[in-house]
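Below is one structure, written out as structure tokens, with a few remarks after it.
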Amino acid sequence: MPTIQRRQLLALLAGGVAGGLARPGCAAETNSNVLRVGLKSMPQSLDPLVVSDVNTQQILGAMYESLTSVAADGRVLPGLATAWDASDRARLWRISLRRDVTFHSGRPFTAWDVKRTFEAATAAEGLHLATIALARVRGFREMRNKLSAELSGVTVLDDHTLEVACEEPCAIFPFARFNIVDAEAIREHGPDWHRRQSVGTGPYRLSTSSEGIRIDVVPNPHWRGGAQPFDRVSFVATGIGNDGVALFNNSQIDFSFVDTDALRQVADDPGFKRSLIACPRFQLRAVALDARRVKAFADLRVRQAMSLLIDREAMVERFFRGLARVHNGVVPPALLTNERLAPLRYDPVLAKDLLAQAGFPEGRGLEPFAVHTVAEYRREFVYYVSQWNNAGIPAKLVVDSRQDFIARSRRRDYDAFLFGWTAAYPDPMNFLDELFSSRSRFNPTGWANAEFDAIIDAAMALPHPKQRATAYKDAEQIVMSDMPVIPLVVPDYVALRSNALTDGFITPFGGLNFT
């Protein structure tokens, strides 16, 4: 992806993008009704079938819909599907679809489009959000291995009904994120179609894209939800750090997320008070510890001691200015209220005792190790590492480039590292199964527990959420008793927005609400 210099971006904003909604008290530069959304960077691809990160989905969410949608409080709502019914222990799903939907191309939406979307996402290489659920569908392996041209487990019953048969129970299938596309339009326009157009059903459609710099979307004339509030939405790359805040302050963008390192500056500035909005994250943030590289990490007492040395409540109030949450487990409380979990305490005296019991009094005998993070979280991690150092734990902080950090953390090529996971669908399974099952490709530490795996497998066969909740609490309790990762404070999504946007513009998933 091209590197954009600040001077280039300011020139671009002053020319092609400037002229949108003004900040409170500022005059608009033109009369055009344009919303300018600042994001850290532009995605390398706008292909909706292979989304694997929150940043890309923030843009695609304006153009594409999934089978289900999510309310601000995490409740699952109808999307392109109006109903979903399970049988055979959640191995078979019958999905009923909306009848009043039209693609950006003007073609009517049918069940065949859902089947072909599933097949196109399955055939796409690499891991992405759709594979989380599709991997359980009958015929998935055959398609991935190019032994079949279709998913045998997906059957179209009529234009607005289809059945999905899974090889094993999959209670979360309808909640998974699928960007449903007009497969006929994709075939007509070739493999690079997503560079030139969008083929979704969302309220906006792709207009222009300057790779790495700016992406413009305009109203979808076929949108069933009524008139859209903006004539154009321009997504522009601001870079990390304080650039987004500066551009917002200068009335050159109308929306910007606030990075963690800039949060205190913004929260303490009374000039930003009316523009500041926040939303709790459906996210886990933790330090992942690799016991293969540091043998002491295999001792539960060492992991517990490291956790006890973090004063999470003080971090919320002092570092995050109250715009953060302490989760007692690995599942966000909005998705699972687990009364069985004890609060994560700050207790340096107990931590000292545990280190001594483990054979490392005052940290003596512990082998030095590195803790890796990225620049955005450097100041936060200075605190964690200093707390461990003060107790004699020989940790060293290393700040990597974002690209190197992501590549190496996916390979678990670190002693210890920041691990973050944002929910792709509103169910605790997204955290428990994806992160801690022994078979998961996303497991950050390689932790394995047979009892945990059995509980998760049983929960997958329970289509009713209340039934699954009991199993989820048991599973989360096992994770927290063994503490394979050290949970950290979870900062809210914090943003600056003009008066044209409501407080609900940001969602707990890190997305943007365009409907």
Side-chain angles (χ1 to χ4, degrees), residues 1-4 35-67 69-70 79 104 117 120-122 124-134 176-182 186 191-217 220 233-240 244 253 255-257 259 281-283 374 376 402-403 405-407 409-410 420-425 430 434 442 493 495 505-515:
M1 182 170 60
T3 299
I4 307 302
L35 173 67
R36 301 160 300 176
V37 175
L39 299 176
K40 293 179 185 178
S41 62
M42 293 295 99
Q44 295 184 1
S45 170
L46 285 177
D47 187 345
L49 298 173
V50 294
V51 183
S52 60
D53 65 280
V54 174
N55 191 52
T56 303
Q57 189 56 44
Q58 288 168 341
I59 299 173
L60 294 177
M63 297 181 275
Y64 295 90
E65 295 180 278
S66 189
L67 295 177
S69 60
V70 187
H104 296 165
T117 294
T122 298
E125 296 183 0
L127 295 175
H128 48 83
L129 298 181
T131 61
I132 291 176
L134 289 175
R177 180 72 207 188
F178 305 111
N179 290 309
I180 304 301
V181 302
D182 179 352
I186 291 176
D192 292 333
W193 62 270
H194 47 84
R195 293 179 179 272
R196 300 183 297 276
Q197 63 174 344
S198 56
V199 293
T201 61
Y204 290 88
R205 60 180 177 82
L206 182 65
S207 173
T208 57
S209 174
S210 302
E211 187 172 351
I213 304 175
R214 189 183 88 198
I215 293 169
D216 291 342
V217 299
N220 168 17
V233 179
S234 291
F235 299 93
V236 295
T238 63
I240 63 173
I253 56 176
F255 173 89
S256 177
F257 281 107
D259 281 351
R281 301 188 193 212
F282 285 176
Q283 187 180 80
V374 293
E376 181 181 348
R402 180 170 291 272
Q403 184 175 2
F405 176 82
I406 292 173
S409 60
R410 284 176 176 172
W421 184 266
T422 300
Y425 55 88
N430 196 191
E434 298 301 332
F442 304 102
Y493 284 115
F505 186 61
I506 53 178
T507 76
F509 296 89
L512 304 177
N513 185 5
F514 288 97
T515 58

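Excluded from the calculations below are hydrogen atoms, water molecules and symmetry mates; all remaining heavy atoms, backbone and side chain alike, are included. Computed from a predicted model, the values in this text were never measured in an experiment.
Remark: side-chain polar atoms of His104 are paired, donor with acceptor, to backbone N or O of Gly202 under 3.5 angstrom. No side-chain donor-acceptor contact under 3.5 Å links Asp259 to the backbone of Glu376. A donor-acceptor pair under 3.5 Å is absent between the side-chain atoms of Tyr425 and the main chain of Ala133, judged by distance alone. Ser409 places a side-chain N or O within donor-acceptor distance of the main-chain N or O of Ile406, the cut-off being under 3.5 Å.
If you take CD on Gln58 and CG on Leu512, they are separated by 5.0 Å, rounding to the nearest 0.5 Å. Atom CZ of Arg196 is separated from atom OG1 of Thr208 by 14.5 Å, given to the nearest 0.5 angstrom. The line from OG of Ser66 to CD1 of Ile180 is 5.5 Å long, rounded to the nearest 0.5 Å. A distance of 12.5 Å separates CD1 in Ile213 from OG in Ser234, rounded to the nearest 0.5 Å. With rounding to the nearest 0.5 Å, the separation of OG1 in Thr131 from CD in Glu125 is 13.0 Å.
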Test side chain to side chain contact (heavy atoms under 4.5 Å, CB included) on Val217 and Phe514 and set out the steps. CA-CA 12 Å; Val217 299; Phe514 288 97; over 6 Å; no
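Looking only at side-chain heavy atoms (C-beta outward), Phe442 and Glu434 come within less than 4.5 Å of each other. Taking 4.5 Å as the limit, some side-chain heavy atom of Met42 sits within range of a side-chain heavy atom of Ile215. In this structure the side chain of Arg402 reaches within 4.5 angstrom of the side chain of Lys40, judged on heavy atoms. Residues Phe178 and Leu67 are in side-chain contact: their nearest non-hydrogen atoms beyond the backbone lie under 4.5 Å apart. For the pair Val233/Tyr204, a side-chain contact is recorded, criterion being any heavy-atom separation below 4.5 Å from C-beta on. Side-chain contact between Arg36 and Phe235 is absent, with no heavy-atom pair separated by less than 4.5 Å. By the 4.5 Å heavy-atom criterion applied to side chains, Arg205 and Gln197 are not counted as neighbours. Proximity of Thr201 to Met63: side-chain heavy atoms (C-beta onward) are nowhere separated by under 4.5 Å.
Side-chain atoms of Thr507 and Asn513 include no donor-acceptor pair closer than 3.5 Å.
Using a cutoff of 4.0 Å between basic side-chain nitrogens and carboxylate oxygens, Arg195 and Asp47 are not scored as salt-bridged.
Each of Thr238, Leu39, Leu35, Val37 was compared with Ile253 under the side-chain contact (heavy atoms from CB on, under 4.5 Å) criterion, and only Thr238 meets it. Between Asn179 and the choices Val50, Val51, Thr117, the side-chain contact (heavy atoms from CB on, under 4.5 Å) rule is met once, by Val51.
Remark: Ala120 engages Leu49 in a side-chain contact (heavy atoms from CB on, under 4.5 Å) (not counting sequence neighbours). Applying the ring pair (Phe, Tyr, Trp, His ring centres under 6.0 Å) criterion to Phe509, with sequence neighbours excluded, gives Phe282.
Closest heavy-atom contact between Pro203 and Thr515: CG-CG2, 3.9 Å. The two atoms that bring Ser198 and Leu206 nearest to each other are OG-N, 2.9 Å, heavy atoms only. Closest of all the heavy-atom pairs between Thr422 and Gln283 is OG1-NE2, 2.8 Å. Here the shortest heavy-atom pairing between Gly510 and Phe257 reads O-CZ, 4.1 Å.
For the pair Arg281 and Tyr493, the cation-pi test (distance below 6.0 Å, angle within 45°) is passed.
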